[in-house]
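A short write-up of the structure that comes next.
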Number of protein chains: 2
Amino acid sequence: MKIQSFKFNERGLNRFFGPLEAKIMDILWSGEKSIKDVQQELEKEKATNFNTVMTVMNRLVEKGMLTKRPEGRTSFFRPVLTREEFLNTQSKEMTQELVDEFGSVAVSHMIEALDEADEALVAQLEQKIKEWKKDR
Amino acid sequence: MKIQSFKFNERGLNRFFGPLEAKIMDILWSGEKSIKDVQQELEKEKATNFNTVMTVMNRLVEKGMLTKRPEGRTSFFRPVLTREEFLNTQSKEMTQELVDEFGSVAVSHMIEALDEADEALVAQLEQKIKEWKKDR
DNA sequence: TCCTTGCATTACCCATTGTAGTGTTTAAAC
DNA sequence: GTTTAAACACTACAATGGGTAATGCAAGGA
């Protein structure tokens, strides 16, 4: 299942996940782990129930975000996409949707957004356009 | 209250609102209307309970999307922003968030998205960059 | 006075997310 | 081989957001 909602209010992974989900994804992007591993990691910051972690992790599997690899009695979980792949995918989809939905209005806003953000990004964009023209 | 979530799956206003909310906003963007006006408009397509419409409209007021103007026993509702203002605002916020969140990755995706969308948009973007450079 | 109209209050349903109790399986320890 | 504890399954509940609607009140007109 795909991510289907982007929250303006939040930051980082919390834009795509609930807060606990986000923490779990983050932990699993540091390597394959069992439920207990994750729970202990979370415990460092705040008392966390094992079953809570299990439930959320299993839901993430159902959503297609994690894979579950049983090994004996214990299962090990791993994100389907790397963090980079994930963010890349999301960014791409978002951008596509933005242009589909808003067309030329979005284009104006892109420049404005880049303007406030970083001069180097505009240069990069310019370069991209150059390449794009070559392929025509 | 601001819109705080953008749904990839949906189209148009349904990206920002629930389906009934979206229809109501749409109707109100054609002019100030009472609950009954809106309900009758909705009724044309599908049986619609008056109170359902009322509840949703009042929620839209709470969210800051509509203003309510009492006149005698009847209240009249009007969107706070015009459709154009609303879409413009959303597009701007989305774009800003995108750049904030993904930086240069987003830039690449912008071009790709434009590529698939429309050649004219790339030209527009190029023009925007030119203007941007002038202001430096 | 009584009925109709407009609205307020309140509620229930469903989905998502965070939370956690209870029950079951099974490997390992005794 | 029976007990125990770890891992897990199953289930449920709360909060939130959105769609739905019943009930009840208030005020104006017949």
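The chains referred to below are lettered A, B, ... by the order of the sequence lines, with proteins before strands, and numbering in each begins at 1.
- Note on B/Lys7: nothing from the nucleic acid sits closer than 4.0 angstrom, heavy atoms only.
- For A/Asn51 and C/dT22, a side-chain-to-base donor-acceptor distance below 3.5 Å is present, hydrogens and geometry of angles not being considered.
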*Worked check of side chain to side chain donor-acceptor pair (under 3.5 Å) between B/Asp37 and B/Ser34*: CA-CA 5 Å; B/Asp37 293 337; B/Ser34 70; 3.1 Å; yes

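- Residue B/Lys46 places none of its side-chain N or O atoms closer than 4.0 Å to OP1 or OP2 of D/dG19.
- Taking atom CD of B/Glu21 as the reference point, atom P of D/dG17 lies 11 Å away to the nearest angstrom.
- In this model, the phosphate group of C/dT5 is not approached by any side-chain N or O of B/Lys36 to a distance below 4.0 Å at OP1 or OP2.
- Applying the 4.0 Å criterion to OP1 and OP2 of D/dA7, one finds that A/Ser75 has every side-chain N and O outside that range.
- When heavy atoms are screened at a 4.0 angstrom cut-off, A/Lys68 is found touching the sugar-phosphate backbone but no base atom.
- B/Arg78 CZ: 12 or fewer foreign heavy atoms inside a 6.0 Å radius.
- With rounding to whole Å, B/Glu62 atom CD is found 11 Å from D/dG17 atom P.
- We find that CZ of A/Phe76 is positioned 8 Å from P of D/dC8, with the value rounded to whole Å.
- Remark: P of C/dT25 and CZ of A/Arg73 are 15 Å apart, rounded to the nearest angstrom.
- Put simply, CE on A/Met54 is 11 Å from C1' on D/dT11, counting in whole angstrom units.
- Annotation: of the two residues near DNA chain D, A/Ile35 and B/Asn49, the 5′-most nearest-nucleotide partner is A/Ile35.
- With respect to A/Lys63 and A/Glu21, a salt bridge is recorded, a charged nitrogen being found less than 4.0 Å from a carboxylate O.
- Between A/Asn58 and D/dA9 there is a side-chain N or O to OP1 or OP2 distance below 4.0 Å.
- Atom pair A/Glu71:CD and C/dA27:C1' shows a separation of 14 Å (rounding to whole Å applied).
- When heavy atoms are screened at a 4.0 angstrom cut-off, B/Thr52 is found touching base atoms of the nucleic acid.
- The nearest pair of heavy atoms linking B/His109 to A/Lys92 is ND1-N, 3.3 Å.
- At the phosphate of C/dT17, OP1 or OP2 sits under 4.0 Å from a side-chain N or O atom of A/Lys63.
- If you measure from atom CE of B/Met57 to atom P of C/dC7, you get 9 Å, rounded to the nearest angstrom.
- At the heavy-atom level, B/Thr55 lies under 4.0 Å from base atoms of the strands shown.
- A perpendicular orientation is assigned to the rings of A/Phe17 and A/Trp29, their planes being inclined by more than 60° (bins at 30° and 60°).
- Distance CZ (A/Phe50) to P (D/dT11): 18 Å, rounded to an integer number of Å.
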